[in-house]
Amino acid sequence: MLLNLKISETDRLFFIDFASKYQKTNFFIRNGQSRQYCILNKLTEQSIVKKAISIRNEKYMELGVNEFIDEPIFGIFLGVNNEGGNVHQHKDPTVTDYDHVRINFLLSKPEKGGMPIIEEKELSIEEGDSWLNIANLWKHSSTPVVGNKDRVVLSLGALVSITQMKKLGYRNEKDF
């Protein structure tokens with residue numbers, strides 16, 4: 001589901017720069033061909049942790065979510081797909097009575113490909129755009145990256161009560 005949430009240009013460039021500098025280090029975990037991610041809120045560098053948590057908290061408030069808990073597995077992550085990389089179709093785990101919610105920002109759009117797919121519908125996303133994924137409920141993936149420009153996504157994860165998601169009208173959304 002496309003969102004109207006934006007990230008500042010300064011923050012967008014900050015995270016792209018971080019990915020460019022560190023994606024070949026042990027900060028990033030390889031998880032497929034030409035695909036890696038970094039769990040930002042588990043880093044020891046406090047300035048990036050504070051920035052990531054602050055953005056997550058701000059964006060969830062903008063979404064209307066006033067109560068959530070930290071998503072314990074993937075947290076807030078920065079995902080990078082290089083040429084040929086894509087996200088395979090899957091759902092993510094959650095805990096009882098909570099949805100695994102992700103607010104995603106496309107920070108860097110590849111020359112071609114890299115588009116998110118939710119419930120088999122490809123979304124049309126531009127740099128700086130955002131989308132919602134209820135990762136435990138909706139099958140999600142992405143198209144393969146084509147070209148030399150990486151796909152970089154900032155993914156703000158949280159566990160939100162199913163009751164709250166229903167009240168906000170997101171739980172059964174199929175109009176992506």
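Given the structure is predicted, the values throughout are model-derived calculations rather than measurements. The analysis underlying the following values was restricted to heavy atoms, covering all of them including side chains, and did not include hydrogens, waters or symmetry mates.
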By side chain to side chain contact (heavy atoms under 4.5 Å, CB included) - contacts of Ser34 (at least two apart):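 Only Asn82 meet the side chain to side chain contact (heavy atoms under 4.5 Å, CB included) criterion with Ser34.
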Is there a side-chain contact between [X] and [Y] in this structure, where contact means two heavy atoms from C-beta onward sitting under 4.5 Å apart?
X	Y	value
Phe14	Lys51	yes
Ile125	Pro116	yes
Glu120	Lys139	yes
Asp11	Leu107	no
Phe18	Leu43	yes
His100	Ile134	no

Lys149/Glu127 salt bridge by N-O under 4.0 Å criterion: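 A salt bridge is present here (some side-chain N lies under 4.0 Å from a carboxylate O).
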Basic-acidic side-chain contact under 4.0 Å: Asp129, Lys6: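 Lys6 and Asp129: salt-bridged.
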Aromatic ring pairing Tyr22/Phe27, orientation class (parallel under 30°, perpendicular over 60°, tilted between):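 Geometry flag for Phe27 against Tyr22: tilted rings.
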Quick check: closest heavy atoms across [X] and [Y], and the distance to 0.1 Å?
X	Y	answer
His140	Asn133	CG-ND2, 3.1 Å
Ser142	Asn81	OG-ND2, 3.9 Å
Leu159	Val95	CD1-CG2, 3.7 Å

Among Lys91, Arg171, Lys166, the one residue meeting salt bridge (charged side-chain N to carboxylate O under 4.0 Å, His left out) with Asp99: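 Of all the options given, the one that passes is Arg171.
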Compute whether any side-chain donor of one residue and acceptor of the other, for [X] and [Y], lie under 3.5 angstrom apart.
X	Y	answer
Asp150	Ser108	no
Arg35	His88	yes
Gln46	Thr44	no
Ser54	Asn57	no

Side chain to side chain donor-acceptor pair (under 3.5 Å) partners of Asn66, counting only residues at least two apart: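 Once residues adjacent in sequence are excluded, Asn66 has no partner under the side chain to side chain donor-acceptor pair (under 3.5 Å) criterion.
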Around [X], counting heavy atoms of other residues, nucleotides and ligands shown, do more than 12 lie under 6.0 Å from its [atom1]?
X	atom1	result
Lys112	NZ	no
Tyr98	OH	no
Phe74	CZ	yes
Asp17	CG	yes

Backbone of Ile29 reached by a side-chain donor or acceptor of Gln36 within 3.5 Å: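 No, Gln36 side chain to Ile29 backbone: no donor-acceptor pair under 3.5 Å.
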Verdict with supporting geometry, Glu45 and Ser47, side-chain hydrogen bond (donor to acceptor under 3.5 Å, both in side chains): CA-CA 6 Å; Glu45 170 52 54; Ser47 64; 2.6 Å; yes
Qualifying residues under salt bridge (Lys or Arg N to Asp or Glu O under 4.0 Å), relative to Asp92, sequence neighbours excluded: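 Result, salt bridge (Lys or Arg N to Asp or Glu O under 4.0 Å) vs Asp92: none returned.
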